[in-house]
Amino acid sequence: MPELPEVETVRRGLDRFVVGRRIDAVEVGRERSVRRTSRQAVIDGLNGATILRAERRGKYLLNPLDTGDTLMIHLRMTGQLLLAEPGAERPPHTHVAMHLAADPARGLEPAELWFVDARTFGEVVVFDPEFVETELPEVAKLGLDPLVDAPTVTDLATVIGRRHMRMKPLLVDQHVIAGIGNIYADEILHRARVHPDTVASTLRRKDFVLLHDAMLSILTAAVRAGGSSLKDNTYVDLMGEGGSYQEDHRVYARAGERCMTCGRGVIRRLPFGGRSTHFCPVCQREKRGGASPTRPRAAR
DNA sequence: AAACAAACCTGTGCGC
DNA sequence: TGCGCACAGGTTTGTT
């Protein structure tokens with residue numbers, strides 16, 4: 001569920017309410033949430049540690065600790081991080097609870113930080129960042145982060161311009177660009193007027209300009225709105241508040257509706273690369289060379 | 001290199 | 001109301 005804007009919103013909550021505090025105790029309920037290492041490794045790695053910073057790379061939350069280790073949390077589909085008062089009743093599927101010490105300097109009372117995750121795809125890991133390549137290889141291999149790395153149009157063109165992948169699967173590929181998921185990929189392609197089936201290597205400079213602008217403006221606007229919360233309200237921030245960017249979605253979950261941009265097309269929903277994809281057939285006209293199933297390639 | 005399916009789990013919404 | 005099935009924001013792995 002959570003993509004870059006949602007994870008960034010959570011990161012900001014951590015920055016504000018959790019950074020600088022010591023973890024006095026840790027409870028791990030379900031072992032699956034800490035499967036990367038073990039229950040004991042997470043407990044030992046966090047007990048007595050102080051969280052120095054709250055960082056994010058793609059959809060990964062990275063929190064350096066004063067022990068030299070880093071606490072990584074990935075929410076995957078249904079994970080949540082919630083701040084609560086000590087002893088408060090925990091929601092179902094609360095798998096990890098960290099007891100945070102007070103921070104009198106900032107007027108913060110003791111609190112609990114909960115990792116809640118119904119589907120248990122998410123995970124909590126304590127690792128040594130010096131060995132990120134072996135301990136968390138996927139983090140080491142993440143592509144450009146649109147906000148952290150602030151890539152230019154040329155950076156974007158360099159990273160995706162020689163790929164023969166279709167744009168929808170490419171945008172959600174974390175090795176290429178980190179942080180974009182199914183919702184924002186659809187929104188970005190629509191704003192850039194690029195059909196999801198367009199092969200990346202056929203794009204022109206003007207397309208990269210449009211994609212770059214769409215990516216940056218949509219992601220920053222979504223962060224400003226606190227992310228997108230869908231009907232099930234699975235995504236909420238640290239304080240349990242939903243975001244409002246879903247109100248600005250132009251194509252995602254709008255199949256069958258008239259396009260709000262051109263007023264002519266009707267939003268379609270089709271699987272691309274196995275993911276349901278929403279687009280306006282008028283705004284995002286398929287161009288020649290973009291979408292043939294057997295892509296003829298001149299030998300060279 | 002790229003496409004595709006399956007796997008990991010649970011909850012929800014829909015058609016009947 | 002109840003049942004069964006399709007589907008869901010992510011990512012990895014194994015095959016073509």
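This structure is a prediction, so every number in the text was calculated from the model and none was measured. Chain A is the first sequence line, chain B the second, and so forth, proteins listed ahead of strands; every chain is numbered from 1.
Nearest to the side-chain atoms of A/A118 among the listed nucleotides B/dA3, C/dT12, B/dT10 stands B/dT10. Among C/dC7, B/dG11, C/dT11, the nucleotide with an atom closest to any side-chain atom of A/R269 is C/dC7. In the set B/dA2, B/dC9, B/dA3, B/dC9 carries the atom at the smallest distance from any side-chain atom of A/T120.
Between the P atom of C/dT11 and the CZ atom of A/R57 lies a distance of 14 Å, rounded to the nearest Å. Protein atom CZ of A/R162 is 13 Å distant from nucleotide atom C1' of B/dA1, rounded to whole Å. Between the CZ atom of A/R76 and the P atom of C/dT11 there is a distance of 6 Å, given to the nearest Å. At whole-Å resolution of the value, OH in A/Y252 and C1' in C/dA8 are 7 Å apart. The distance from atom CE of A/M77 to atom C1' of C/dC7 is 9 Å, rounded to the nearest whole Å. A straight line from CD of A/E3 to C1' of C/dT11 spans 13 Å, rounded to a whole angstrom. Atom CG of A/D173 is separated from atom P of C/dT12 by 9 Å (rounded to the nearest Å). Between the NE2 atom of A/H95 and the P atom of B/dT10 there is a distance of 9 Å, given to the nearest Å.
One finds a side-chain N or O of A/R275 lying less than 4.0 angstrom from the OP1 or OP2 phosphate oxygen of C/dG10. Neither OP1 nor OP2 of B/dG11 sits under 4.0 Å from any side-chain N or O of A/T78. For B/dT10, the OP1/OP2 oxygens have no side-chain nitrogen or oxygen of A/H93 closer than 4.0 Å. Residue A/R119 has no polar side-chain atom (N or O) positioned under 4.0 Å from OP1 or OP2 of B/dC8.
The 5' end of DNA chain B is approached more closely, in terms of each residue's nearest nucleotide, by A/F121 than by the other of A/F121 and A/K231.
Checked by atom type and distance alone, the side chain of A/D237 pairs as donor or acceptor with a backbone atom of A/M239 at under 3.5 Å. In this structure, A/R258 contributes its side chain and A/R264 its backbone to a donor-acceptor pair below 3.5 Å.
The pairing partner recorded for B/dC9 is none, the criterion being a Watson-Crick or G-U wobble arrangement whose two distances lie under 3.5 angstrom.
Checked for salt-bridge contact, A/D24 and A/R22 meet the test: a charged N lies under 4.0 Å from a carboxylate O. Using a 4.0 Å cut-off between a side-chain N of Lys or Arg and a carboxylate O of Asp or Glu, A/R35 and A/E31 do not qualify as a salt bridge. Between A/E133 and A/K141, no side-chain nitrogen of the basic residue sits less than 4.0 Å from a carboxylate oxygen of the acidic one, so the salt-bridge criterion is not met.
For A/H249 and A/S228, the side-chain atoms include at least one donor-acceptor pair closer than 3.5 Å.
Looking at heavy-atom distances under 4.0 Å, A/G274 makes no contact with the nucleic acid at all. Among the heavy atoms of the strands, none lies under 4.0 Å from A/F272.
Distance check on atom P: B/dA5 versus C/dA6 gives 15 Å, rounded to whole Å.
Counting non-hydrogen atoms of other residues, nucleotides and ligands closer than 6.0 Å to CZ of A/R285 gives a total of 12 or fewer.
At a non-hydrogen distance threshold of 4.0 Å, A/R30, A/R32 from residues 28-41 of chain A come into contact with DNA chain B.
Between A/H195 and A/F279, the distance separating the two ring centers is shorter than 6.0 angstrom.
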